[in-house]
Amino acid sequence: MFVARVEADRVRSLAGVKFEPDPGLTVIIGPNGAGKTNLVESIFFGLTSRSFRTSDRRDLIPFGSSYARCRVTVSGTGVDHTFMASASRSEGNRFTMDGARIEQAEAVVHRPKVTVFSPDRLELVKGPPAGRRAHIDSFVAARWPGQAGVRASFGRILAQRNALIARISAGQADTSQLSTWNSQFAEAGSALAVSREKAVGELGERWESSAGELGLEGPKSLSYRPGAATTAEEIRTGLDEKLENDLRLGRSSWGPHHDEIRLELDGRQLRRFGSQGQQRLGLLALLFAERSALLEAGGQAPLMLLDDVMSELDAHRRDRLVERLLEGGQAIITAAEGELIPDREGICRVAITDLLAAAEGGQPEDSDPGSKEIGSADPGAAA
Ligand SMILES: Nc1ncnc2c1ncn2[C@@H]1O[C@H](COP(=O)(O)OP(=O)(O)O)[C@@H](O)[C@H]1O
Ligand SMILES: [Mg+2]
């Protein structure tokens, strides 16, 4: 599966921009501020109806406009599918495939998994552990689809146990109801911890070698640091021991919601002691490690969207990066200068200024951002 066509109808600074990436490696080149990141964000938005830069999709609405909209056509399975994502101030968000509304769970079956590198995602390496936990959990879902639900199951049970703990602390409930929740917490927590341990086990060596290849010098390690135990039995026992503390705090103070996935260089945490450049390489290596694990497991290569990735690498590393990307799968990367891109066969180069010059200036604003797909008869317009 690959992205054959992108129509950024109106997304941030882009209007009527059409783009047909290569099924292999495409480089979008252009000066700062030209709209390269916006284009990469448009692709992600069209495929997922989300943004990797912001949790508020309304940020994508062009200044002075009332909605954002992008279409992305996915080819390669015999039948093409066109996804359309829109965000509107008055009508909310909308996501369709071939004109019919679609849920995320179904969309992922018909589109490639998307991996994004962007400066905005550096938070994953240098931010708090929650981001890394969520990221590893999404790798688990991609690698072992049958375990896609473990994160959400634990999250639900944690919320319910927390609510009960808070009621007990406030004297509104007694501890007799706790044992059922503790058992469920232990089962779900163990499933989650085991999946993370397995994922990190698959990614560890790959991360270390990718990071070395990209230029992160020195001994490295990627490790799983459980916030609690990994077996259900140990977790249940632990919960009993921590009960007093939980009741004092009014929440579950112990469990896999305190897990850490630690990236280390020279025995020190990359998040705390790494330079910005080292953190960037650490993130990029993590994405490559995941890609190689998925490929080796016989899965689809994810679409790699790598925004502004070249600036930090020396010529030799840029060469290695491009070589890896040319090994297979689709990748779309951006660069401020064409000279940063190694001169190799098989790279499709696109100047963003050419795309902008060919743009049709966007469709005239219609009041319903999804109207072209759904028709005005759709009663459930507001998402
Ligand atoms: N919602 C928006 N509406 C219109 N323009 C926007 C919006 N958000 C950002 N921009 C503009 O997009 C431009 C930056 O585009 P960007 O894709 O980041 O450039 P590049 O990645 O090529 O450096 C800036 O001029 C910024 O003002
Ligand atoms: Mg940019």
Side-chain angles (χ1 to χ4, degrees), residues 3 6-19 21 25-72 84-94 114-125 276-277 279-281 283-284 287 303-313 318 321 325 331-341 348-366 369:
V3 168
V6 179
E7 291 171 74
D9 201 8
R10 43 181 79 237
V11 180
R12 294 193 189 260
S13 65
L14 307 177
V17 170
K18 296 191 169 73
F19 169 48
L25 174 56
T26 304
V27 186
I28 302 165
I29 300 160
N32 284 329
K36 302 181 297 296
T37 301
N38 294 346
L39 184 55
V40 168
E41 186 184 28
S42 301
I43 300 171
F44 188 87
F45 178 56
L47 282 174
T48 67
S49 93
R50 289 177 290 128
S51 166
F52 54 84
R53 289 165 99 179
T54 169
S55 56
D56 188 348
R57 287 169 248 206
R58 287 172 300 185
D59 287 0
L60 276 65
I61 300 173
F63 302 145
S65 183
S66 65
Y67 66 87
R69 177 169 64 199
C70 184
R71 286 188 197 79
V72 174
M84 188 285 303
S86 65
S88 154
R89 290 194 201 288
S90 55
E91 293 169 48
N93 304 315
R94 195 165 307 156
V114 199
T115 288
V116 181
F117 175 89
S118 100
D120 303 273
R121 294 206 68 208
L122 213 53
E123 214 27 45
L124 187 57
V125 170
Q276 175 114 336
Q279 291 170 343
R280 283 174 60 106
L281 295 179
L283 172 59
L284 193 56
L287 305 181
L303 163 62
M304 307 281 283
L305 298 177
L306 309 180
D307 188 27
D308 212 2
V309 73
M310 293 300 187
S311 49
E312 213 85 31
L313 304 171
R318 294 200 293 267
L321 178 83
L325 292 173
I332 298 169
I333 75 181
T334 68
E337 292 156 54
E339 295 88 78
L340 291 173
I341 307 301
C348 171
R349 290 163 185 261
V350 174
I352 183 100
T353 45
D354 289 348
L355 296 179
L356 297 177
E360 288 155 11
Q363 307 296 320
E365 275 225 0
D366 45 61

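Just so you know, ligand 1 is whichever comes first in the structure, and atom 1 is the first atom listed for that ligand.
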* Structure fact -> With sequence neighbours left out, the residues meeting side chain to side chain contact (heavy atoms under 4.5 Å, CB included) with Glu339 are Glu337

* What pairs with Leu356 under side chain to side chain contact (heavy atoms under 4.5 Å, CB included), at least two apart in sequence or on another chain? -> Leu14, Val17, Ile352

* Asked: More than 12 non-hydrogen atoms from neighbouring residues, nucleotides or ligands closer than 6.0 Å to CZ on Arg349, yes or no?
  -> yes

* Residues Ser118 and Asp120: side-chain donor-acceptor under 3.5 angstrom -> yes

* **Asn32 backbone or side-chain N/O/S under 2.8 Å from the Mg ion (ligand 2)** => no

Does ligand 1 have any N/O pairs with the protein under 3.5 Å, and how far apart?
residue, atom, partner, partner atom, Å
ligand 1, 1 (N), Asp59, O, 3.0
ligand 1, 1 (N), Ile61, O, 2.9
ligand 1, 3 (N), Phe63, N, 2.9
ligand 1, 8 (N), Arg12, NH1, 3.3
ligand 1, 12 (O), Asn38, ND2, 3.0
ligand 1, 15 (O), Asn38, ND2, 3.1
ligand 1, 17 (O), Lys36, N, 3.4
ligand 1, 17 (O), Thr37, N, 3.1
ligand 1, 17 (O), Asn38, N, 2.7
ligand 1, 17 (O), Asn38, OD1, 3.2
ligand 1, 17 (O), Asn38, ND2, 3.4
ligand 1, 19 (O), Gly35, N, 3.2
ligand 1, 21 (O), Thr37, N, 2.9
ligand 1, 21 (O), Thr37, OG1, 2.7
ligand 1, 22 (O), Ala34, N, 3.3
ligand 1, 22 (O), Gly35, N, 3.0
ligand 1, 22 (O), Lys36, N, 2.8
ligand 1, 22 (O), Lys36, NZ, 2.8
ligand 1, 23 (O), Gly33, N, 2.6

* **Results of side-chain hydrogen bond (donor to acceptor under 3.5 Å, both in side chains) for Ser51 - residues two or more places apart only** => Glu41

* Applying the side-chain hydrogen bond (donor to acceptor under 3.5 Å, both in side chains) test to Arg57, which of Ser88, Ser86, Ser49 qualifies? -> Ser49

